[in-house]
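Comments concern the structure below.
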Amino acid sequence: MNPEALSRQIALIEALLFVSKEPVEPGRIMEFLGLDDIEEFEKVLAVMEKDQLLDRPERGLMLKRSGGGLQLVTKPDLHDELKQFFTIKQATKLTIASLETLSIIAYRQPATLTEISLMRGVNSTGPVKNLLQKKLIKITGRKQVPGLPALYATTPEFLVYFGLNNLSELPSLEELTELFEEKEQPSLFK
Amino acid sequence: MNPEALSRQIALIEALLFVSKEPVEPGRIMEFLGLDDIEEFEKVLAVMEKDQLLDRPERGLMLKRSGGGLQLVTKPDLHDELKQFFTIKQATKLTIASLETLSIIAYRQPATLTEISLMRGVNSTGPVKNLLQKKLIKITGRKQVPGLPALYATTPEFLVYFGLNNLSELPSLEELTELFEEKEQPSLFK
Amino acid sequence: METEFSGYQVQTEYFEGPLDLLLHLIRKNKMNIIEVRLSQITNEYLAYLEGKRGLNPSRESEFLMTAATLIYIKSRSLLPKPENMDDDSPEKQLIHTLIEYEKIQKISRMLREMEYTELLLWRRLEMNESFANREYELKEVSAFQLAEIFFDIVKKKEYEQFLEIPSKNYSIATKQEELLALLAHSGYLDFSEYISKLDSIEELVVSFFTLLEMVKRHLLIAVQEQLFGTISLYRNEPGKLEN
């Protein structure tokens with residue numbers, strides 16, 4: 001293979017592994033590069049790995065074979081620094097269950113666990129607990145019905161998270177209906 | 001900076017940009033690398049970009065500044081091959097209706113749905129909804145007029161999508177006119 | 001030159017709306033937008049409407065409303081000369097809107113080119129990961145999405161309780177009763193809102209003719225309160241429009 005073609009193939013492998021979030025099967029890459037011979041492909045990979053990645057201290061990545069495929073990953077000696085960088089501002093994740101629960105509380109507040117569970121169609125004890133821990137909701141009182149269930153409402157932290165000044169800034173259901181229910185306008189010209 | 005330290009910094013920048021999903025603010029990287037001087041940081045970036053990326057045909061990536069941050073992206077000349085490899089279309093292009101709506105919001109922000117519909121001469125509920133879902137616009141508040149209509153503005157994702165660092169990089173209307181009047185007016189219609 | 005803006009062109013299979021069509025006619029006739037006499041292109045505009053050539057099919061009510069405005073402008077121009085076109089004449093207003101719309105088209109074209117450049121660059125993890133694992137990052141969730149989620153829940157609920165609507169037969173007589181009942185209830189009817197809520201073409205056609213019939217028989221008054229505003233329908237009560 002001439003050096004130019006080799007460079008181009010290495011660049012392509014890097015780009016496609018970069019874009020893929022999952023390991024890519026070597027067979028797919030070979031087909032893509034028009035290579036029939038596994039040995040030839042291995043040679044390309046060896047050049048890429050050795051000359052471009054491992055032996056270059058200015059590179060932060062390396063090739064990894066895993067899950068039946070090839071993947072670009074960061075070099076292990078950078079682990080500590082990367083961990084430090086990414087834990088500083090690691091975003092907390094809300095599950096879809098928590099988001100659904102939160103949306104019901106935001107729009108229906110105050111709401112009881114039973115009301116939430118009924119609307120979602122599943123027991124919502126877990127997400128309510130989770131939201132309480134994250135301080136996105138709080139108990140504001142008790143509903144005057146048998147069992148005196150707790151009433152949940154959103155907190156000031158909730159507003160901060162979602163960048164709202166006050167609850168009235170939440171899009172209204174009318175606005176949403178308008179936005180979501182626009183049907184294809186019927187044609188007058190048919 | 002000695003060559004070893006420089007290599008290490010470049011490797012770290014590559015690794016952390018590789019792991020990050022979104023553009024990373026230069027300030028955060030500088031802090032992480034222990035650099036105070038923006039010029040010094042720019043020098044590191046220049047070495048990284050030129051020696052490691054652009055001038056190397058065997059590299060498939062390049063540095064990109066957008067949305068107020070740094071990002072690793074694939075080189076543009078690999079687009080066709082990547083598109084072919086991933087078969088899924090990488091991203092749907094915006095419709096004309098969405099582009100027009102976005103033009104108004106970008107230059108008028110914040111703007112209400114009514115203002116947008118009036119300027120376009122057609123109801124713009126559909127494109128506004130579409131842009132909200134694509135996160136290219138967001139609700140920033142309510143206009144203090146009857147009905148308290150939602151006010152729409154562009155998001156950081158808007159900047160990233162169009163490769164801008166900030167809104168001031170959008171050409172002014174005067175510049176735009178010049179831009180288009182030098183060329184022969186292309187027909188928009190078949 | 002043609003290919004440079006091909007991205008913008010490909011999707012322009014039809015005119016986005018009345019302004020798009022008007023600008024096209026102005027350019028086609030090599031008119032200057034500042035000095036254009038809209039009455040001169042009214043016929044061409046109407047010809048497009050009749051031929052339905054390249055009109056965005058979901059925007060017909062807006063095309064029609066502008067047609068009404070153009071006819072009005074034309075009828076004014078046929079009257080004994082008004083000394084000056086005052087600044088808030090419908091023609092001046094429409095021209096102003098057109099000038100603004102032309103800018104929007106320019107910006108759109110620029111954004112299209114920027115989009116094109118950016119789409120050549122591939123970023124990591126673009127495969128919509130957050131939807132694959134049904135998790136949103138809190139940081140990225142907007143109030144809008146929260147509302148969207150709630151809306152989905154409500155919709156799902158409504159759907160569960162939804163029974164099939166039996167198909168109806170529409171007649172002008174029953175439609176008229178329905179419209180009068182609606183008007184008695186809310187005082188007026190927003191034309192485009194009303195037609196957008198109809199279930200079938202059949203109902204739409206019947207409604208449209210019923211409305212026309214009622215306007216003709218002076219049971220209803222149709223008012224367009226501002227240029228490009230929607231058409232409002234009122235019951236014709238004595239004294240209603242006299243002030």
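The chains referred to below are lettered A, B, ... by the order of the sequence lines, with proteins before strands, and numbering in each begins at 1.
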Do B:L12 and A:F85 have side-chain heavy atoms sitting under 4.5 Å apart?
no
Do the side chain of B:R142 and the main chain of A:S168 share a donor and acceptor less than 3.5 angstrom apart?
yes
Using a strict 4.0 Å threshold on nitrogen-to-oxygen distance, state whether B:R8 and A:E81 make a salt bridge.
yes
Sequence neighbours excluded - ring-ring contact (aromatic ring centres under 6.0 Å, His included) pairs with any residue from residues 44-75 of chain B:
none
Residue B:P3 versus chain A: region with a heavy atom under 4.5 Å
neither
Which heavy-atom pair separates A:G60 from B:A15 by the least distance, and what is that distance?
O-CB, 4.0 Å
Taking the side chain as C-beta and beyond, is there a heavy-atom pair between B:E14 and A:K75 under 4.5 Å?
no
Per-residue contact mode, A:L72 against chain B (heavy atom under 4.5 angstrom)
both
Looking at every heavy atom in both A:L16 and B:F86, which two are closest together, and how far apart are they?
O-CZ, 3.6 Å
Measuring heavy-atom distances to chain B, does A:D77 have an atom under 4.5 Å in its side chain, in its backbone, in both, or in neither?
both
Among the options A:Q9, A:R56, A:E4, pick out the one with the most heavy-atom pairs lying under 4.5 Å from chain B.
A:R56
Least distance between heavy atoms, A:A11 atom then B:P57 atom
CB-O, 3.4 Å
Heavy-atom pair with the smallest gap, counting every atom of B:F32 and A:L82
CZ-N, 4.4 Å
For B:R108, does the CZ atom sit with more than 12 other heavy atoms under 6.0 Å from it, leaving out its own atoms?
no
Could you check which of A:L61, A:I10, A:L78 has the highest count of heavy-atom pairs closer than 4.5 Å to chain B?
A:L61
Counting a contact as any heavy-atom pair under 4.5 Å apart, which residues of residues 36-48 of chain A contact chain B?
none
